Asker: 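Below is a structure I'd like to ask you about.
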There are 2 protein chains.
Amino acid sequence: MNIPENPHTFSISMLAKEFDVTTRTIRFYEDKGLLTPKRQGQTRIYSSSDRTKLKLILRGKRLGFTLEESRDIIEMYSPGQNNEQQLKKLIDGIRTRKSNLQQQLHDIEVMMLDLQESEERCLNSLNELGAPGY
Amino acid sequence: MNIPENPHTFSISMLAKEFDVTTRTIRFYEDKGLLTPKRQGQTRIYSSSDRTKLKLILRGKRLGFTLEESRDIIEMYSPGQNNEQQLKKLIDGIRTRKSNLQQQLHDIEVMMLDLQESEERCLNSLNELGAPGY
DNA sequence: GCTTACCTTTACGTTAACGTAAACTTTAAC
DNA sequence: GTTAAAGTTTACGTTAACGTAAAGGTAAGC
């Protein structure tokens, strides 16, 4: 099932290869309810929506999110129900997530500068040690 | 031992309170070799260097670093030996870390924009639903 | 018809990063 | 002199996020 007829669908190994994860990982995400592929017999068929969700999960991982947090992010992208209660709760979630990202942004900037300094100190040490530009 | 005489030292509970972590967590970091407080009898006495390291660890955590990665970060801040080999290795580490941060930065920017859109869609839904500005 | 390449399910194993509890010591306060 | 607050060690428990292995089904290529 390496190349499904429908160009807008994907096999599990296609996604695994594209995003450099194992099929086990993808199935695990399904187990946790983050992905819900269709089935052709026993075989999983992923839509481009599933693919997007997987992308979101992996981006979340790079930012240190748990799967639960990524689940929230997905929900923020594709809101299910429109109940007023739920909408407000969703908005609140989005706002605190944004403020978290703001904090992360700041952390990264500071760490970036610190690392810059460290690198230069190291390069200086290398020079003084008689080893030229690296 | 809540207020050591020396103003440049800290008790474990002082640090725990300041950074909002448990003492267990701080001792755990010591167990992993990330902190090395002095002792006054049995009691741990933390220097401001220890405090800085703890700060680095927690910043790392906010960015999704493992403790091993934070250990590397600490090493980048306070290089121990000046051997040419080690310096080069350190510089390499700094550079790949910087490029990782660059990726995270990009991820955050994109996610920020996406969340912005989502929030506005939600606010629109709220309006159409008859519930004004939130 | 047999190997190869995918796919499946089930299930036990593993690692990181602490939490939680027990049992005990030391110092400060009343 | 005893209660309270902080400190200590030891040790078992827990959760997340998969890894790894076993055992088997299907479909294509030679």
Side-chain angles (χ1 to χ4, degrees), chain A residues 1-6 9-47 50-51 53-74 100, chain B residues 1-6 9-47 50-51 53-74 100:
Chain A
M1 192 58 67
N2 211 359
I3 305 179
E5 326 73 44
N6 189 333
T9 67
F10 313 87
S11 73
I12 193 169
S13 63
M14 286 172 71
L15 290 182
K17 198 161 291 183
E18 176 177 4
F19 293 109
D20 194 31
V21 297
T22 68
T23 59
R24 171 68 173 103
T25 295
I26 297 180
R27 291 197 193 95
F28 178 75
Y29 293 158
E30 178 179 355
D31 216 60
K32 294 294 165 180
L34 296 175
L35 300 176
T36 51
K38 300 274 179 278
R39 296 287 180 131
Q40 210 161 71
Q42 282 235 111
T43 305
R44 278 164 254 252
I45 306 290
Y46 295 88
S47 69
D50 290 320
R51 182 174 167 279
K53 289 178 185 175
L54 179 53
K55 218 171 175 177
L56 290 178
I57 297 171
L58 297 177
R59 187 165 80 191
K61 274 195 61 179
R62 289 197 299 271
L63 294 177
F65 289 19
T66 67
L67 290 187
E68 288 310 309
E69 289 174 312
S70 286
R71 181 203 306 280
D72 292 349
I73 294 285
I74 290 176
N100 268 351
Chain B
M1 194 55 69
N2 211 358
I3 305 180
E5 327 73 45
N6 189 333
T9 67
F10 313 87
S11 74
I12 193 170
S13 62
M14 285 172 71
L15 291 182
K17 199 161 291 183
E18 176 176 3
F19 293 110
D20 194 32
V21 297
T22 67
T23 59
R24 172 68 173 101
T25 295
I26 297 180
R27 292 197 193 95
F28 178 76
Y29 294 158
E30 178 178 355
D31 215 60
K32 294 294 165 180
L34 297 175
L35 300 177
T36 51
K38 299 275 178 279
R39 295 288 180 128
Q40 210 159 71
Q42 281 234 111
T43 304
R44 278 163 253 252
I45 306 290
Y46 296 87
S47 68
D50 290 319
R51 182 174 166 278
K53 288 178 185 173
L54 179 54
K55 218 169 173 177
L56 290 178
I57 296 172
L58 297 177
R59 187 165 79 193
K61 273 196 63 180
R62 290 196 300 271
L63 295 176
F65 290 18
T66 68
L67 291 186
E68 288 310 309
E69 289 174 311
S70 285
R71 183 203 305 281
D72 291 350
I73 293 285
I74 291 176
N100 268 350

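What you see is a predicted model; the values in this text were computed from it and never measured. Chain identifiers are assigned alphabetically (A, B, ...) following the order of the sequence lines, protein sequences preceding nucleic acid strands; residue numbering begins at 1 within each chain. What's counted below: heavy atoms across the whole structure, side chains too, no hydrogens, waters or symmetry copies.
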Asker: In this structure, how many angstroms lie between the P atom of dC18(C) and the CG atom of Asp20(B), rounded?
Answerer: 13 Å
Asker: For Glu68(A) and dA17(D), give me the distance from atom CD to atom P, rounded to whole Å.
Answerer: 7 Å
Asker: Could you state the atom-to-atom distance from CZ of Arg27(A) to P of dT9(C) in whole Å?
Answerer: 7 Å
Asker: Are the side chains of Tyr46(A) and Leu54(A) in touch, meaning some heavy atoms are under 4.5 Å apart?
Answerer: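 In short, these two side chains do not touch, never coming nearer than 4.5 Å.
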Asker: Rounded to the nearest 0.5 Å, how far apart are CG of Leu15(B) and OG1 of Thr9(B)?
Answerer: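 If I round to the nearest 0.5 Å, the distance is 9.5 Å.
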Asker: Answer yes or no: is there an ion pair linking Glu30(B) with Arg27(B), defined by an N-O contact shorter than 4.0 Å?
Answerer: no
Asker: Would you say Ser11(A) reaches dC7(C)'s phosphate, i.e. side-chain N/O to OP1/OP2 under 4.0 Å?
Answerer: yes
Asker: For dT8(C), take OP1 and OP2 only and decide whether either is under 4.0 Å from a side-chain N or O of Thr43(A).
Answerer: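 No.
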Asker: Hey, is the side chain of Tyr29(A) poking within less than 4.0 Å of OP1 or OP2 on dC18(D), counting only N and O atoms?
Answerer: yes
Asker: Can you find a side chain N or O atom of Thr23(B) that sits less than 4.0 Å from OP1 or OP2 on dA6(D)?
Answerer: no
Asker: Expressed as a whole number of angstroms, how long is the span from Arg24(B):CZ to dT8(D):P?
Answerer: 12 Å
Asker: Strictly below 4.0 Å: does Thr25(A) bring a side-chain N or O up to OP1 or OP2 of dG19(D)?
Answerer: yes
Asker: Which heavy atom of Asp50(A) sits nearest a heavy atom of Pro37(A), and at what distance?
Answerer: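 Looks like OD2-CA, 3.6 Å.
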Asker: Once you round it to whole Å, what is the distance between P of dA27(D) and CD of Gln40(A)?
Answerer: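 Roughly 11 Å, once rounded to whole Å.
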Asker: Take the protein atom CZ of Arg44(B) and the nucleotide atom P of dT25(C), then report the distance between them rounded to whole Å.
Answerer: 17 Å
Asker: Check the distance between dT9(D)'s C1' and Phe28(B)'s CZ and give it to me in whole angstrom.
Answerer: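 My rounded result for the distance is 16 Å.
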Asker: Quick one: Ile12(A) CD1 to dA5(C) C1', roughly how many Å, whole number?
Answerer: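 After rounding, the reported distance stands at 15 Å.
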Asker: Using heavy-atom distances to pick each residue's nearest nucleotide on DNA chain D, tell me which of Gln42(A) and Lys32(A) is more 5'.
Answerer: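 It is Lys32(A) whose nearest nucleotide is closer to the 5' end.
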Asker: Working to the nearest 0.5 angstrom, can you tell me the gap between Ile45(A) CD1 and Ile12(A) CD1?
Answerer: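 One gets 10.5 Å once the value is rounded to the nearest 0.5 Å.
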Asker: Examine dC7(C): is either OP1 or OP2 under 4.0 Å from a nitrogen or oxygen in the side chain of Ser13(A)? Give yes or no.
Answerer: yes
